[in-house]
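To find a chain, count down the sequence lines: A is the first, B the second, and so on, and within it residues start at 1. Please read these numbers as outputs of a predicted model, since none were measured by experiment.
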Amino acid sequence: MVRRIAQKLKVEWLLTMPSLVWLTLLFVIPTTLVFAIAFKPADPWGGIGAGWTLDTIRSLGNPNYPAIIWRTLWISFVTTACCLVLAIPCGYYIARAQQRWRRLLLLLTVIPFWTSFLIRIFAWKVLLHPDGHVKRGLVALGLADESTMLLYRSEAVLLVMVYTLLPFAILPIYAAAEKFDFKLLEAARDLGATPWRAFRQIFLPGIRRGLLTAVLMVLIPSLGMYIIPDIVGGPRSEMIANKIAQRTFVDRNVPHASALSAALTLAVMAPMLVVLLGRRKREVS
Amino acid sequence: MADFLQFNEVTKHYGSLTAVNGVSLNIKRGEFFSLLGPSGCGKTTLLRMLAGFERPDKGRVMLDGEDITERPPNKRKVNTIFQNYALFPHLTVRDNIAFGLRVAHVAEATIKQQVDEMIDLIQLGAHAHKKPHQISGGQKQRVAIARALINKPEVLLLDEPLAALDLKLRQRMLLELDQIHDQVGITFLYVTHDQGEAMSLSDRIAVMHEGRIEQLGTPAEIYETPHSSFVAAFIGDTNFFDGRVETVVDKDYCQLRIDGFPSVICYNDKRKQPQDLVHLSVRPEKFRLSLEQPSLPPQHNLVEGTVQEVVYLGSQTKYLVNVQDYSLAITQQHSRFLLDQRPIKWEDRVWVWWHADDGYMLDRYREQDEALLEMPAH
């Protein structure tokens with residue numbers, strides 16, 4: 001009996017080994033290094049100095065940072081909220097569509113992935129350009145005047161982030177909605193609930209796992225988003241990841257970049273941990 | 001006075017398919033009414049139109065003198081027991097039952113009291129805090145019933161509520177449903193494809209077929225005097241003979257010509273004329289069977305055949321007897337069991353007879369119905 005359990009443990013270890021090695025080499029070690037470098041001094045030539053210091057960590061108190069961190073947070077949360085608001089009805093209707101329509105709609109959802117991320121962002125730059133079609137259309141409708149600038153502002157960053165991350169919200173919500181028993185909505189209606197109430201109290205709790213996944217899938221990349229604010233944003237729509245890039249490539253201060261990265265990693269892991277712990281707790285109870 | 005619940009000339013199409021075709025139906029207050037038919041006969045569509053999930057293309061649905069055809073489901077004093085109960089998986093038994101009252105903004109104290117009463121009634125006090133996936137099928141059904149009844153509906157709709165249960169539980173829930181109907185006294189509209197359920201529960205049954213009501217009546221009327229071959233075959237078992245009217249004897253009886261049979265006398269309530277093509281339907285339990293040739297009074301039909309199969313079932317025995325081209329299903333109750341009497345065995349020559357009034361004449365059924373007639377009861 002004991003031997004069999006030992007045997008089983010051995011097999012489990014063998015099976016877990018590849019992913020464990022993978023995670024250790026490509027995630028645990030680099031992350032630890034980033035955290036470690038944050039406690040190193042910078043040398044004047046762009047390298048890492050000898051010894052340990054807390055100066056880099058202290059430099060996070062730089063008065064410029066709170067504004068950037070605040071912007072990173074609000075853009076990320078608003079992006080997540082917008083994606084959810086758009087993705088919930090999308091997921092609902094795709095799940096309720098007939099089989100052949102469903103396939104087409106899912107295909108349409110993932111088609112953007114066939115084009116390079118970078119090219120799609122540049123496409124937005126063309127669209128939002130002062131001479132672009134969006135601007136012209138708004139001016140023609142009297143919603144903007146010639147001097148309005150659509151590009152290089154936080155709203156542009158938000159728009160392109162929602163556009164980019166929306167499929168990551170639609171797919172998990174669709175997956176949950178597809179498993180949802182729509183008879184339950186009829187049951188709720190039968191018991192006197194309005195369509196909106198049935199949707200809120202029966203459908204949304206029914207797909208809550210999909211919602212949680214969607215939040216993680218959108219919020220985490222948002223917090224670390226670098227390329228979108230870099231291309232369609234201006235100096236006043238910088239996010240924390242842009243600062244990290246600037247510290248690395250412009251200031252050549254690797255410890256400082258590491259300190260910022262470490263702070264970002266902790267910020268990203270916090271919501272994930274909350275969700276995971278929540279799940280664990282529910283399963284135990 | 002108009003009836004309590006009325007369907008007036010209701011029609012519903014799904015694309016090119018006509019699910020319900022000009023159905024008119026009146027149901028009385030407090031009645032236990034069943035819609036019975038094979039799948040795809042339109043019975044569920046009719047129920048869904050009453051619940052408000054489907055809108056009829058034509059016709060009106062009236063409840064207690066009010067036209068409810070256009071009313072959304074949440075504005076109807078009608079509640080449904082769904083086929084798989086559709087209990088809300090994220091809510092406890094208690095919250096499931098309370099759902100309708102919460103939606104109606106009833107005071108929380110009143111809700112608590114009424115839910116407690118309901119939970120007592122369905123005897124699930126020990127399970128009130130559990131989620132639906134933690135209770136058994138029969139308990140789920142009771143929760144579904146409680147969740148519907150707590151809203152005090154005027155009509156309770158039951159959509160094949162026993163289909164998900166095993167046989168033993170089904171029989172017990174059948175009794176429970178009957179008791180609940182007696183207790184609450186509201187109108188029940190019961191949809192099923194199981195003739196046994198419909199027969200044992202209903203005050204009246206509408207047998208549906210291809211979107212129309214084939215026959216409406218009490219269980220006994222439908223069983224004993226089916227209007228069509230479809231009803232005769234769908235409700236219970238029967239034997240069909242292809243016949244032709246030979247002579248009309250008097251105002252009640254006629255003689256039929258059935259291939260290979262002596263002239264058959266039959267009750268002629270349909271006023272059939274000579275040369276009319278008919279089916280003669282005789283239920284298995286209407287036949288009598290013996291080894292010796294009996295001497296029979298008039299108005300009886302007597303044929304000779306060979307026993308092909310004997311199935312002893314305890315309370316009764318089923319025989320298959322070959323008579324000419326027909327294989328007759330015959331059921332005999334055991335009124336007494338005498339060991340010294342020689343039982344009828346396989347390959348015995350036997351005499352089969354039945355009274356003229358026990359044969360029932362029907363119009364010939366259409367060819368496409370034959371497949372349905374061979375469908376097993378489940």
Salt bridge (charged side-chain N to carboxylate O under 4.0 Å, His left out) between B/R102 and B/D95, worked out: CA-CA 9 Å; B/R102 293 236 163 87; B/D95 288 336; 3.3 Å; yes
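Proximity to chain A (any heavy atom under 4.5 Å) is shown, for B/R147, by both the backbone and the side chain. For B/L87, the part lying near chain A is the backbone, with the side chain staying farther off; criterion is any non-hydrogen pair under 4.5 Å. Only the side chain of B/N151 comes within contact range of chain A, judged by heavy atoms closer than 4.5 Å. Interface remark: A/R189 contributes backbone and side-chain atoms alike to the contact with chain B (heavy atom separation under 4.5 Å). Of the two parts of A/A198, neither the backbone nor the side chain holds a non-hydrogen atom closer than 4.5 Å to a non-hydrogen atom of chain B.
Using a 30° and 60° split on the angle between ring planes, A/Y92 and A/F199 fall in the perpendicular class, above 60°. Taking the six-membered ring where the residue is Trp, B/F32 and B/H181 present perpendicular rings, their angle passing 60° and hence far from 30°.
A salt bridge links B/K112 to B/D116: at least one charged side-chain nitrogen sits closer than 4.0 Å to a carboxylate oxygen. Checked for salt-bridge contact, B/K75 and B/E70 miss the test: no charged N lies under 4.0 Å from a carboxylate O.
Counting heavy-atom pairs under 4.5 Å between each of B/A148, B/G100, B/A86 and chain A puts B/A86 at the top. Heavy-atom pairs under 4.5 Å with chain A peak, among B/P153, B/A51, B/P73, at B/P73.
Screening B/K12, B/E54, B/M208 for a side chain to side chain contact (heavy atoms under 4.5 Å, CB included) with B/L46, the sole residue that qualifies is B/M208.
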